[in-house]
Amino acid sequence: ILNCNLFYTQQTYSLETNVADVPNGSYFKDLNGDFNPYIGLWKGTWNDKVVYIQFKKIVDYVSGTKYYSKDRLYGERKIINSNGIVEIDRISTFDNNQYHEFSGLNVKFSNPAQKQLYFAPGICGMTANLDVNFLNAEKTQMSLHLIYRPGYLDESCPYYNYMMQGNEPPFNFPKDI
């Protein structure tokens with residue numbers, strides 16, 4: 001009788017490691033806890049509206065020329081107007097959403113010390129970046145600055161004429177909060 005047991009040990013690397021430098025099946029982990037200060041439910045106000053943003057650290061499974069898993073920071077929002085009407089609520093379905101409105105925690109190309117989030121609200125392919133700054137040493141207060149990323153806008157978009165007149169994208173999200 002021949003008994004063969006295979007043991008597979010997943011190799012863990014920091015998020016800063018280049019994917020090309022590791023074997024298939026590797027795990028890119030937030031070893032330094034860089035995402036930890038962001039995780040949780042954040043609350044702010046804007047134009048008499050209450051804005052909630054929830055961030056979670058989620059393990060993503062990626063396959064392509066290589067397959068691996070990676071810790072990622074994702075977020076969703078909920079906006080309630082001054083009459084108590086919920087205008088947007090993606091937080092209540094966070095775990096069921098295939099695509100999240102906020103993703104990544106990247107360094108800004110023009111200022112590597114600045115952290116940015118990617119914002120894709122699902123409106124005609126329009127996207128933005130959000131500069132993220134903590135306002136205190138305890139990292140219990142944050143500010144966000146929205147930077148619209150112009151791109152191709154298809155004529156079938158219901159906001160096409162509105163945008164062609166030079167108006168801001170209808171993100172229902174503050175430029176600064």
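Position 1 is the first residue of the sequence; numbering continues from there.
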Quiz item: Do N136 and T140 get their side chains close enough for a donor-acceptor pair, meaning under 3.5 Å?
Solution: yes
Self-check item: Flag for Y13-Q11: side-chain donor and acceptor within less than 3.5 Å
Solution: yes
Quiz prompt | Contacts of Y68 that satisfy ring-ring contact (aromatic ring centres under 6.0 Å, His included) - sequence neighbours left out | solution = F28
Quiz item: If only atom types and distance count, is the side chain of D48 paired as donor or acceptor with the main-chain N or O of S82 below 3.5 Å?
Solution: no
Quiz item: Under the criterion side chain to side chain contact (heavy atoms under 4.5 Å, CB included), which of N36, I39, D30 is the partner of L73?
Solution: I39
Exercise. Tell me, with the steps shown, if F102 and F55 meet side chain to side chain contact (heavy atoms under 4.5 Å, CB included).
Key: CA-CA 8 Å; F102 302 95; F55 292 111; 4.0 Å; yes
Quiz prompt | Note: K115-D34 ion pair, threshold 4.0 Å (strictly below) | solution = no
Quiz item: Any chain of hydrophobic side-chain contacts (each under 4.5 Å) joining I91 to I88?
Solution: no
Exercise. Find out whether V50 and K43 are in side-chain contact, i.e. whether some heavy atom of one side chain is under 4.5 Å from a heavy atom of the other.
Key: yes
Quiz prompt | Steps toward side chain to side chain contact (heavy atoms under 4.5 Å, CB included) verdict (Y160, D154) | solution = CA-CA 7 Å; Y160 179 80; D154 190 275; over 6 Å; no
Self-check item: Ionic contact status for D60 with K70, cut-off 4.0 Å
Solution: no
Quiz prompt | Minimum side-chain heavy-atom gap Q116-I147 below 4.5 Å | solution = yes
Exercise. State which residue, out of N129, D176, N133, D131, fulfils the side-chain hydrogen bond (donor to acceptor under 3.5 Å, both in side chains) condition with H145.
Key: D176
Quiz item: So with a 6.0 Å cut-off around OH of Y162, is the heavy-atom count from everything else above 12?
Solution: yes
Quiz item: Is there a donor-acceptor contact under 3.5 Å linking the side chains of S14 and E16?
Solution: yes
Self-check item: F134 and Y38, any side-chain heavy atoms less than 4.5 Å apart
Solution: yes
Quiz item: Just by distance, with hydrogens left out, do Y27 and D71 show a side-chain donor and acceptor under 3.5 Å apart?
Solution: yes
Practice problem: Please state whether the rings of H100 and F94 are parallel, tilted or perpendicular, taking 30° and 60° as the class boundaries. | Solution: tilted
Exercise. Output every pair passing side-chain hydrogen bond (donor to acceptor under 3.5 Å, both in side chains) with a member in residues 83-93, not counting sequence neighbours, ordered by first then second residue.
Key: K49-E87, E76-R90, N81-E87, E87-N172, D89-S92, T93-N97
Quiz item: Is the F173 to F119 ring centre distance short of 6.0 Å?
Solution: yes
